[in-house]
**Q** 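Here's a structure for you.
Hydrogens, waters and symmetry mates play no part in the numbers below; they use all other heavy atoms, side chains included.
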Amino acid sequence: MRIDKFLKVSRILKRRTVAREACDGGKVIINGREVKPSHPVKEGDIVEIDYATGVLKFEVLKVRETVKKDEAASLYEIKE
């Protein structure tokens, strides 16, 4: 699955266009490398998103095409 779609499905970012803009702006890093919106994401990847207020770092636990709102948080685990 593409990283921009994963960020939307997992509800880390609200819309896919916002996720795409974050990737294009160099704010999304997977396993230590800046990525484009089309970069594939897989289980075990460590993703960092650079927000204006700080950095969110998480590990991808599952990759699913669709999930219900209350199950979205089960797709990732926040790291310190």
**Q** For residues L75 and V67, determine if any side-chain heavy atom of one lies less than 4.5 Å from a side-chain heavy atom of the other.
**A** yes
**Q** If you look at every heavy atom in R64 and M1, which pair is closest and at what distance?
**A**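 Where R64 meets M1 most closely, the heavy atoms are O-CE, 2.8 Å.
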**Q** Could I get the full list of side chain to side chain contact (heavy atoms under 4.5 Å, CB included) partners for I29, not counting sequence neighbours?
**A** E34, E48
**Q** As an exercise, state the distance from SG of C23 to CZ of R16, rounded to the nearest 0.5 Å.
**A** 10.5 Å
**Q** Taking C-beta and beyond as the side chain, do V55 and I49 meet within less than 4.5 Å on heavy atoms?
**A** no
**Q** Does this structure show an ion pair linking E77 with K79, if we count only N-O contacts that are shorter than 4.0 Å?
**A** yes
**Q** Are the side chains of H39 and I30 in touch, meaning some heavy atoms are under 4.5 Å apart?
**A** yes
**Q** Counting C-beta onward and ignoring hydrogens, is there a side-chain heavy-atom pair between V9 and T66 closer than 4.5 Å?
**A** no
**Q** Quick test of your reading: applying ring-ring contact (aromatic ring centres under 6.0 Å, His included), list the pairs with at least one residue in residues 50-80, sequence neighbours left out, ordered by first then second residue.
**A** F58-Y76
**Q** Tell me the closest heavy-atom pair linking D45 and V41, and the distance in Å.
**A**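 Nearest heavy atoms, D45 then V41: OD2-CA, 3.5 Å.
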**Q** Compare all side-chain heavy atoms of R11 with those of K69 and state whether any distance is below 4.5 angstrom.
**A** yes
**Q** Which value, rounded to the nearest 0.5 Å, describes the distance between K36 atom NZ and R20 atom CZ?
**A**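 Nearest 0.5 Å value for the NZ-CZ distance: 13.5 Å.
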**Q** First locate atom CD1 of I78, then atom CG of L56, and finally report the distance between them rounded to the nearest 0.5 Å.
**A** 5.0 Å
**Q** Taking only residues two or more places apart in sequence, or in another chain, which ones meet D24 in a side chain to side chain donor-acceptor pair (under 3.5 Å)?
**A**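 For D24, no residue satisfies side chain to side chain donor-acceptor pair (under 3.5 Å) once neighbours in sequence are set aside.
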**Q** Looking only at atom types and distance, does a side-chain atom of R33 sit under 3.5 Å from a main-chain N or O of N31, one as donor and one as acceptor?
**A**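 No; judged by distance alone, with no hydrogens or angles, the pair does not exist.
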**Q** Shortest non-hydrogen contact from F6 to K62?
**A**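 Result for this residue pair: CE1-O, 3.4 Å.
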**Q** Got a salt bridge between R2 and D4, using NZ or NE/NH1/NH2 to carboxylate O under 4.0 Å?
**A**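 Salt bridge flag = yes for D4 with R2.
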**Q** Roughly how far, to the nearest 0.5 Å, is CG of L13 from CD of E21?
**A** 10.5 Å
**Q** Would you check if E43 and L61 make a side-chain contact, meaning some heavy-atom pair closer than 4.5 Å?
**A**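 No; the side chains remain at least 4.5 Å from each other.
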